[in-house]
Asks: 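Supplied in structure tokens, the structure appears directly below.
Order of the sequence lines fixes the chain letters, A, B, ..., with proteins taken first and strands second; residue numbering starts at 1 for each chain.
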Amino acid sequence: MQVSVKYFASLRELMGEASSVIEIEEGTPISQLWQLIIENKNIEFENVMMAVNMEYVKSEHQLKSGDEVAFFPPVTGG
Amino acid sequence: MQVSVKYFASLRELMGEASSVIEIEEGTPISQLWQLIIENKNIEFENVMMAVNMEYVKSEHQLKSGDEVAFFPPVTGG
Amino acid sequence: MLIEIRKKPFNAYQEIQAYLENLDLAGQYGATASFVGSMRDFNEDKKVTYMTLEHYPGMTEKHLETIAKEAIEKWQLLDVLILHRVGKVKISEDIVLVATWSAHRKEAFESCRMIMEQLKSGAPFWKKEETNSGSQWVEKNTPGY
Amino acid sequence: MLIEIRKKPFNAYQEIQAYLENLDLAGQYGATASFVGSMRDFNEDKKVTYMTLEHYPGMTEKHLETIAKEAIEKWQLLDVLILHRVGKVKISEDIVLVATWSAHRKEAFESCRMIMEQLKSGAPFWKKEETNSGSQWVEKNTPGY
């Protein structure tokens, strides 16, 4: 199945892309997708925040087909 | 010696006057002046606040000639 | 720092804006906290039609100035604005405005709230309400914490 | 309730005033607390020339709406206004505005501050500063309590 993945701010710059569509297995935990991404790109990134369909999720959250997944650094608004 | 005395809000209404000049002895504590006033007027008034020369004072504060003394109820601004 | 007792209605946000335009603080402050107290049409279940606000000219200003100066020192504020109505106040008119400027939000929030609490507990103002059951002096404020 | 992400500069106090004029709350609210975060020309001893604010369109609005609704319920607020800038922000421009309306001051103060803290800790915004030593992403916020 496919999920769309978005990156923001410093992570977007580090990734060199704002989004991508990634093929994974149904039910993959979001933390495992994240590991896959940083290993493929060979990057290090601490304190990543994770969201699915525009809501924060825990690292064990299981992904479904068509999910909009987002990874980003700690937020600094306001 | 003389001090000028001001009353505000509900106390002003109860006294029937906004100010008066009162003759007392030098060094009289403000609490004693207050007792004198309520006895003369035969009124009861709880929780009076006291100021001398536009600053709050304690009940044992001793008065000097020419002081501007004020008595008023708890404040309710804002 | 500006502290004023106003006999006429004022618009709190126009006042902040106008005050700000005359300050030379652009780029220095990161945080502005403000509080506006306005005239409600009810108090403790009674319908209020208007209110008369009395103060102690001289002492009120002096007391507010002391409160503001202590806040500036305690929180290293860049500026403070306090306006307070007196006289006859109608429904929905602004009664009090407190605004504080600082580098960071913690100081702005805390100082603004503390100034309001000190104003309410110590500044010589008294409210008399005109209600559907006659006129009466307000005896105490609602708790702030 | 109004929550907006703004690409262009806004004047916080004109915004509160304009929003207020369209509300039908006259006489109901006794307390309005507001906070305005503005662009400073320094951060941790570095001179900042401008800032770029990024957000996550869709999620940011949704997250702010959740924060506002929780605050309205928790403090029985009459209304909430939240504006936040994105894009290139210049010195002294307003970045964020939070205003809360309630019957009494305690609820207005506490909800305004809590909304700001929740916005800062959870709403997806990211600041990149242009300083005298190059451009850099802001890594964390200053503490709010």
Asks: Top residue by heavy-atom pair count (under 4.5 Å) with chain A, among D:Lys128, D:Met116, D:Arg85?
Replies: D:Lys128
Asks: To the nearest 0.5 Å, what is the distance between CZ (A:Phe72) and CE (D:Met59)?
Replies: 4.0 Å
Asks: Taking all non-hydrogen atoms of both residues into account, name the closest pair between A:Thr76 and D:Val138 and its distance.
Replies: CG2-O, 3.3 Å
Asks: Output every pair passing side-chain hydrogen bond (donor to acceptor under 3.5 Å, both in side chains) with a member in residues 26-35 of chain A, not counting sequence neighbours, ordered by first then second residue.
Replies: none
Asks: Can you list every pair that meets side-chain hydrogen bond (donor to acceptor under 3.5 Å, both in side chains) and has a residue in residues 65-83 of chain D, with sequence neighbours left out?
Replies: D:Tyr19-D:Asp79, D:Glu65-D:Lys69, D:Trp75-D:Glu110
Asks: Checking D:Lys127 against chain A: side chain, backbone, both or neither under 4.5 Å from a heavy atom?
Replies: both
Asks: Using a cut-off of under 4.5 Å for heavy-atom pairs, which of A:Gly78, A:Ala70, A:Ala51 has the most such pairs with chain D?
Replies: A:Gly78
Asks: If you draw a 6.0 Å radius around CD in D:Glu139, do more than 12 non-hydrogen atoms from other residues or ligands fall strictly inside?
Replies: no
Asks: Might you confirm whether atom NZ of A:Lys41 has over 12 heavy atoms from other residues, nucleotides or ligands at distances under 6.0 Å?
Replies: yes
Asks: Is the distance between the ring centroids of D:His63 and A:Tyr56 under 6.0 Å?
Replies: yes
Asks: Any chance CD of A:Glu44 has more than 12 other-residue heavy atoms, nucleotides or ligands included, within less than 6.0 Å?
Replies: no
Asks: What part of D:Thr52 gets within 4.5 angstrom of chain A, counting heavy atoms only: side chain, backbone, both, or neither?
Replies: neither
Asks: Please flag which part of A:Asn47 lies under 4.5 Å from any non-hydrogen atom of chain D: side chain, backbone, both or neither.
Replies: neither
Asks: Can you tell which part of D:Gln136 gets under 4.5 Å to a heavy atom of chain A, answering side chain, backbone, both or neither?
Replies: neither
Asks: Can you find a pair of side-chain heavy atoms, one from D:Trp126 and one from A:Val75, that are under 4.5 Å apart?
Replies: yes
Asks: Between D:Tyr56, D:Phe125, D:Phe35, which has the largest tally of heavy atom pairs under 4.5 Å with chain A?
Replies: D:Tyr56
Asks: Checking D:Lys140 against chain A: side chain, backbone, both or neither under 4.5 Å from a heavy atom?
Replies: backbone
Asks: Please tell me if the side chains of D:Trp137 and A:Glu13 come closer than 4.5 Å, counting only heavy atoms from C-beta onward.
Replies: yes
